[in-house]
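Working notes, beginning with the structure itself.
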Amino acid sequence: RKAPNMGWLTFTFGLERKFKQLCKRLEVCRTHQQQESLKFMAHFHRRFIIRDGKRNQKPENGRQAVELFELRSNGSTLCTRLVQVKADASQLNSAFCYILNVPLEGANETSSAIVYAWIGSRSDADSARLIEQIAEDKFNNPWVSLQVLTEGSEPDNFFWVALGGRKPYETEADYLNYTRLFRCSNEKGYFTVSEKCT
């Protein structure tokens with residue numbers, strides 16, 4: 001999402017040759033976030049997680065930051081991904097499901113934490129099931145307390161405090177029934193606009 005072009009250049013001019021020596025039938029494709037092919041997404045079995053920030057980023061003040069992830073899907077269930085968003089209560093939406101990771105102490109992998117799987121009141125049953133599975137598979141370990149919450153049953157002590165306190169957020173989500181996606185392009189030498197999902 002915010003990656004510089006240098007990573008791709010490093011791979012293209014350095015690592016690609018080494019990989020091609022190891023694998024005779026190697027296909028290298030460059031893809032951008034939110035434009036992944038169905039073939040690429042199929043490898044992740046609806047458990048594709050996109051984190052914000054840089055690799056090997058040191059935690060602030062010696063503590064890991066609170067992380068909020070939103071379950072998103074565009075077009076088909078195969079394109080489901082968990083995207084890290086700003087950890088703020090205003091980011092919540094009743095039509096979606098979220099995972100909130102609240103670290104309690106330390107800054108390493110075995111630190112204690114509370115992980116909340118938050119299920120919006122207007123989210124579909126499939127998303128609710130999937131968010132529970134992802135929380136269990138990807139975020140749960142012996143040092144973590146995993147809790148599944150439905151909207152309205154959030155504890156004040158850790159959930160809302162981790163999100164910076166209670167704030168208004170989208171509870172109706174009626175606009176999702178009328179949302180349309182358009183693609184703007186100049187790749188053919190002239191500007192075109194086409195609707196993506198009809």
query: Do Val85 and Arg72 have side-chain heavy atoms sitting under 4.5 Å apart?
result: yes
message: Looking at Tyr98 and Asn93, would you say the former's side chain and the latter's main chain have a donor-acceptor pair under 3.5 Å?
response: yes
task: For the residue pair Glu67 and Asn101, confirm or rule out a side-chain donor-acceptor distance under 3.5 Å.
output: yes
Distance-only polar pair, side chains of Arg47 and Gln133, donor-acceptor under 3.5 Å: yes
field: For Thr171, all residues meeting side-chain hydrogen bond (donor to acceptor under 3.5 Å, both in side chains), sequence neighbours excluded
entry: none
Could you give the distance from [atom1] ([X]) to [atom2] ([Y]), rounded to the nearest 0.5 Å?
{"X": "Ile134", "Y": "Phe48", "atom1": "CD1", "atom2": "CZ", "value": "12.0 Å"}
{"X": "Asp137", "Y": "His45", "atom1": "CG", "atom2": "NE2", "value": "11.5 Å"}
{"X": "Ile131", "Y": "Ile99", "atom1": "CD1", "atom2": "CD1", "value": "4.0 Å"}
{"X": "Leu163", "Y": "Glu154", "atom1": "CG", "atom2": "CD", "value": "9.0 Å"}
{"X": "Arg129", "Y": "Cys97", "atom1": "CZ", "atom2": "SG", "value": "11.0 Å"}
{"X": "Asn140", "Y": "Lys138", "atom1": "CG", "atom2": "NZ", "value": "13.0 Å"}

Donor-acceptor pairs are to be reported for all side-chain atoms of residues 144-151 against protein atoms at under 3.5 Å, with residues two or more places apart or in another chain.
residue: Thr150; atom: OG1; partner: Ser153; partner atom: OG; Å: 3.4
residue: Glu151; atom: OE1; partner: Ser94; partner atom: OG; Å: 2.9
residue: Glu151; atom: OE1; partner: Ser121; partner atom: N; Å: 2.7
residue: Glu151; atom: OE1; partner: Ser121; partner atom: OG; Å: 2.9
residue: Glu151; atom: OE2; partner: Ser94; partner atom: OG; Å: 2.7
residue: Glu151; atom: OE2; partner: Tyr169; partner atom: OH; Å: 2.7

message: Membership question, hydrophobic clusters at under 4.5 Å side-chain separation (ILVMFWY): are Ile114 and Val161 in the same one?
response: no
query: How does the hydrophobic cluster around Phe191 look, that is, which other residues are in it when side-chain heavy atoms under 4.5 Å mark a link?
result: Phe182, Val193
message: Give me the atom names and distance for the closest heavy-atom approach of Ala113 to Pro103.
response: CB-CA, 3.8 Å
Can we say [X] and [Y] salt-bridge, meaning some charged N sits less than 4.0 Å from an Asp/Glu carboxylate O?
{"X": "Glu172", "Y": "Arg122", "answer": "yes"}
{"X": "Lys86", "Y": "Asp52", "answer": "no"}
{"X": "Arg46", "Y": "Asp126", "answer": "yes"}

query: Parallel, tilted or perpendicular for Trp118 and Phe159, by the 30°/60° rule?
result: parallel
- request: Assert yes or no for the condition that the ring centre distance of Phe139 to Phe69 is strictly below 6.0 Å.
  value: yes
message: Can you confirm whether or not the ring centre of Tyr116 sits under 6.0 Å from the ring centre of Phe158?
response: no
query: Can you check side-chain contact (heavy atoms from CB on, under 4.5 Å) on Leu71 and Thr80, steps first, answer last?
result: CA-CA 7 Å; Leu71 187 65; Thr80 304; 3.5 Å; yes
query: Can you list the steps and then say if Val83 with Arg51 is a side-chain contact (heavy atoms from CB on, under 4.5 Å)?
result: CA-CA 6 Å; Val83 180; Arg51 293 186 175 268; over 6 Å; no
message: Using side-chain contact (heavy atoms from CB on, under 4.5 Å), reason through Leu68 and Gln91 one step at a time and then give a plain yes or no.
response: CA-CA 9 Å; Leu68 180 64; Gln91 296 287 321; 4.1 Å; yes
Chi angles and distances behind the side-chain contact (heavy atoms from CB on, under 4.5 Å) call for Arg81, Glu36: CA-CA 11 Å; Arg81 53 181 60 83; Glu36 300 92 353; 2.5 Å; yes
